[in-house]
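Nothing here was measured: the structure is a model prediction, and the numbers come from that model.
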Amino acid sequence: MTFEQLNARQTDALKEISNIGMGHAATALSQLLGETVMLKVPRVTVTEFSAVPELIGGAEKPVVGIILRILGDACGSLLLIFPCDSASRLLSGLLGPGCGEGEFSEMDISTLKEVGNIVASAYLSALGQMLNLSLIPSVPAMACDMAGAVIDQVLVELGGSTDMALMLETQFHGGGQNQDAVTGHCFVLPDPDSLRAIFQAMEELS
């Protein structure tokens with residue numbers, strides 16, 4: 001099964017459970033930052049993966065990409081992309097003013113990976129509980145490069161198994177003294193066989 005085969009009802013159902021899952025991720029980020037974090041999902045679309053760089057600002061836009069494999073009853077990949085300036089704002093909020101500026105330190109990289117792990121764990125935990133599936137994130141990997149290079153790297157890791165992505169464009173808005181929006185994008189890429197397992201679990205719930 002591929003994303004191209006999704007009907008409107010399946011797409012709506014996937015949007016709904018994704019919205020709930022990302023709501024749990026927002027709660028986890030709020031606890032991490034110690035302040036309210038609003039996490040919106042303004043767009044959920046199925047798109048060609050090769051078009052992703054343009055959707056996030058262009059192939060040459062500097063970004064931080066954090067990728068995790070989804071393991072368990074339904075396998076796939078989860079990719080978080082932050083523009084570099086947003087990643088710096090996120091680090092400043094987590095580690096203190098001035099952190100995340102210039103070249104990322106080992107502490108910065110470790111923190112961003114942990115953010116990816118927390119967001120992915122919260123999302124997959126909520127999804128797994130709703131569908132009665134075991135979904136476990138792998139250890140995160142991170143790349144800081146131009147958007148086109150990060151996406152190319154992800155495609156290589158996917159081994160050409162899919163060229164379509166379920167895209168959740170997510171915005172993080174922190175409170176407190178940092179009034180600048182921290183924006184990010186989340187891409188969920190279930191393996192084709194796993195997509196079938198997810199919808200089978202949905203049917204059993206309905």
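- With sequence neighbours left out, the side chain to side chain contact (heavy atoms under 4.5 Å, CB included) criterion links S110 to no other residue.
- In terms of heavy-atom proximity, M107 sits nearest to L95 at CG-CD1, 4.0 Å.
- At distances below 3.5 Å, at least one donor-acceptor pair connects side-chain atoms of S88 with backbone N or O atoms of C84.
- Atom CG of N117 is separated from atom OG1 of T111 by 12.5 Å, given to the nearest 0.5 angstrom.
- Nearest approach of C186 to L80, heavy atoms of both residues: CB-CD2, 3.8 Å.
- Annotation: the span from E114 atom CD to I109 atom CD1 amounts to 14.5 Å, rounded to 0.5 Å.
- Judged as a side chain to side chain contact (heavy atoms under 4.5 Å, CB included), and not counting sequence neighbours, the contacts of A87 are V64, F82, F104, L112.
- Closest non-hydrogen pair, G21 versus M130, comes out as N-CE, 4.4 Å.
- Applying the side chain to side chain donor-acceptor pair (under 3.5 Å) test to S134 and every residue at least two apart in sequence or in another chain returns nothing.
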Kindly indicate, with the supporting measurements, whether the criterion side-chain contact (heavy atoms from CB on, under 4.5 Å) is fulfilled by V115 and L90. CA-CA 9 Å; V115 168; L90 185 59; 3.9 Å; yes
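- Scored by the salt bridge (charged side-chain N to carboxylate O under 4.0 Å, His left out) test, D85 finds R89 as partners (sequence neighbours excluded).
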Check the pair M146, V63 against side-chain contact (heavy atoms from CB on, under 4.5 Å), reporting the backbone distance first and the verdict last. CA-CA 6 Å; M146 292 186 293; V63 300; over 6 Å; no
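- Nearest heavy atom pair, residue P53 against residue G148, reads CG-CA, 4.2 Å.
- Note: the hydrophobic cluster containing L71 does not contain I66 (ILVMFWY, side chain heavy atoms under 4.5 Å, direct or indirect links).
- Here the closest non-hydrogen pair linking G57 and K61 is CA-CD, 3.8 Å.
- Counting heavy atoms from C-beta on, the side chains of P62 and D145 never come closer than 4.5 Å.
- Hydrophobic clustering, with ILVMFWY side chains joined whenever heavy atoms are under 4.5 angstrom apart, keeps Y123 apart from I136.
- Put simply, CG on L91 and CG on D108 are 4.5 Å apart, with the number rounded to the nearest 0.5 Å.
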Starting from the C-alpha separation in whole Å, work towards a yes-or-no answer on side-chain contact (heavy atoms from CB on, under 4.5 Å) for I151 and I81. CA-CA 10 Å; I151 297 302; I81 292 184; 3.8 Å; yes
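- Taking the side chain to side chain contact (heavy atoms under 4.5 Å, CB included) definition, one finds that A143 meets it with V150, Q153, sequence neighbours left out.
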Please walk me through it: do R69 and C75 pass side-chain contact (heavy atoms from CB on, under 4.5 Å)? CA-CA 7 Å; R69 280 292 292 169; C75 298; 4.0 Å; yes
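- Follow the hydrophobic side-chain contacts under 4.5 Å out from L94 and you reach I118 in the same cluster.
- Applying the side chain to side chain contact (heavy atoms under 4.5 Å, CB included) criterion to L124, with sequence neighbours excluded, gives I70, L135, P137.
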